[in-house]
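For reference, the structure is listed below as structure tokens.
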Amino acid sequence: MTVAGLLGLTACGGSGTAEGAGGGGTEVVASFYPMAWLAEQVGGPDVSVATLTEPGAEPHDLELTPRQIADIGEADLTVYVKGVQPAVDKAVEQHAKDTSLDAAAAVPTLPAPSGADEHEHGEEHGHEEGRESKVSYDPHVWLDPGRMATIATALGDRLAGADAAHAAGYKARAQSTAARLKQLDQTFRDGLKSCERDTIVTAHAAFGYLADRYGLTQVSIAGVDPSAEPSPARLSELTRRIRSAGATTVFTETLVSPKVAQTLAREAGVRTAVLDPVEGVAKGSGDDYMSIMRRNLDTLRSALECS
């Protein structure tokens, strides 16, 4: 079976070859970087992982090629997060309901952002007719290392069920990966337990789980769809909230244009810094989930003046 199909790009269009990691005979399709990283950690040499989203591409508006849709149907397991990529949700529903793991279903979820922080946009993800993926929860579960540890265990169990000959290896690697993620969780707890402020102003509402776990308050420029642009009234409201909270930083992202965040920072008289939602990693960067999350912690500690 072949899962190294053509690689779907963002709504800008384009084509390419699939990004896959060599490995064993169990074929895993991962929707985007965090799920691919987890599949590689837990699957180890017993799996081959193909990622649907190009390295460094913003994943929310992914469009699948016919070959990729077929790959999802043929794979031994598809690992995804329902609510992030509408095209993947649809393909899984139609072709891989019994051979998929929805990471969001493996952990407790938080409600989708609503009200002021969702501003003018009432839909979650997808802003063109026919591409909405309507979910009642925030899908950014991977930004909580504790939840990621739970997902790692669930993935180990699913791989063990799909490939009984290597079950012990899957479960051992899942346990090891979960332990590293729990240690990362503790590092965040220790690093953010004593800070001068607790409000984080983010480019889009990706950090709700991180904020909830570590006692922070997220104020987002865009909602869960990072491509949505705020109105002038929304920017004025955000400027007031920044000043009221005493925030010193507006956080930009690696895969989304920083222009709106930079404009807001200028209006509020504060600086910018990068807080990475770990939605994609540029090829050859040398980064992975763990290194990016540790860098995020350093960025947060500086912005929040943590001791």
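Quick note: residue numbers are just sequence positions, from 1.
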Is a side-chain N or O of S31 found less than 3.5 angstrom from the main chain of L52, in a donor-acceptor match? no

Side-chain contact, heavy-atom cut-off 4.5 Å: V219 with I242? no

Donor-acceptor pair, side chain of N296 and main chain of D276, under 3.5 angstrom: yes

Can L184 be reached from V42 by stepping across I, L, V, M, F, W or Y side chains whose heavy atoms are under 4.5 Å apart? yes

Is there a side-chain contact between I151 and V107 in this structure, where contact means two heavy atoms from C-beta onward sitting under 4.5 Å apart? yes

Which residues share a salt bridge (Lys or Arg N to Asp or Glu O under 4.0 Å) with K97, sequence neighbours left out: E93

Min side-chain heavy-atom separation T78-H95 under 4.5 Å: no

Look at the side chain of R197 and the backbone N and O of G246, then say whether any donor-acceptor pair between them is shorter than 3.5 Å. yes

Test: E237 and R234 ion pair at under 4.0 Å: yes

So, the side chain of T248 versus the backbone of A303: is there a donor-acceptor pair under 3.5 Å, distance only? yes

Test item: F207 and L216 side chains (from C-beta on) under 4.5 Å apart, heavy atoms: no

Begin from the C-alpha positions of M148 and M293 and carry the test side-chain contact (heavy atoms from CB on, under 4.5 Å) through to its verdict. CA-CA 12 Å; M148 275 288 270; M293 288 295 286; over 6 Å; no

Side chain of D102, backbone of K82: donor and acceptor closer than 3.5 Å? yes

For the pair S291 (side chain) and D287 (backbone), establish whether a donor and an acceptor sit closer than 3.5 Å, ignoring hydrogens and angles. no

Has R158 got a side-chain atom pairing as donor or acceptor with S100's backbone, closer than 3.5 angstrom? yes

Please check: side-chain N/O of D185 versus main-chain N/O of P145, any donor-acceptor pairing under 3.5 Å? no

Step through the shown structure and confirm whether more than 12 heavy atoms of other residues, nucleotides or ligands are within 6.0 Å of CD on Q186. yes

Using a 3.5 Å distance criterion without hydrogens, assess whether the side chain of Y33 forms a donor-acceptor pair with backbone atoms of A282. no

Pair R67 + E74, salt bridge at N-O below 4.0 Å: yes

Using modelled atom types only, decide if a donor and an acceptor are shared between the side chain of S220 and the backbone of A222 within a distance under 3.5 Å. yes

Contact check, side chains of F32 and L62, non-hydrogen atoms, under 4.5 Å: no

Report the residues that fulfil salt bridge (Lys or Arg N to Asp or Glu O under 4.0 Å) with E267, sequence neighbours left out, ordered by chain and then residue number. none

Which of parallel (below 30°), tilted (30 to 60°) and perpendicular (above 60°) describes H140 and W142? tilted

Between atom CG of D144 and atom OG1 of T150, what is the distance when rounded to the nearest 0.5 Å? 8.0 Å

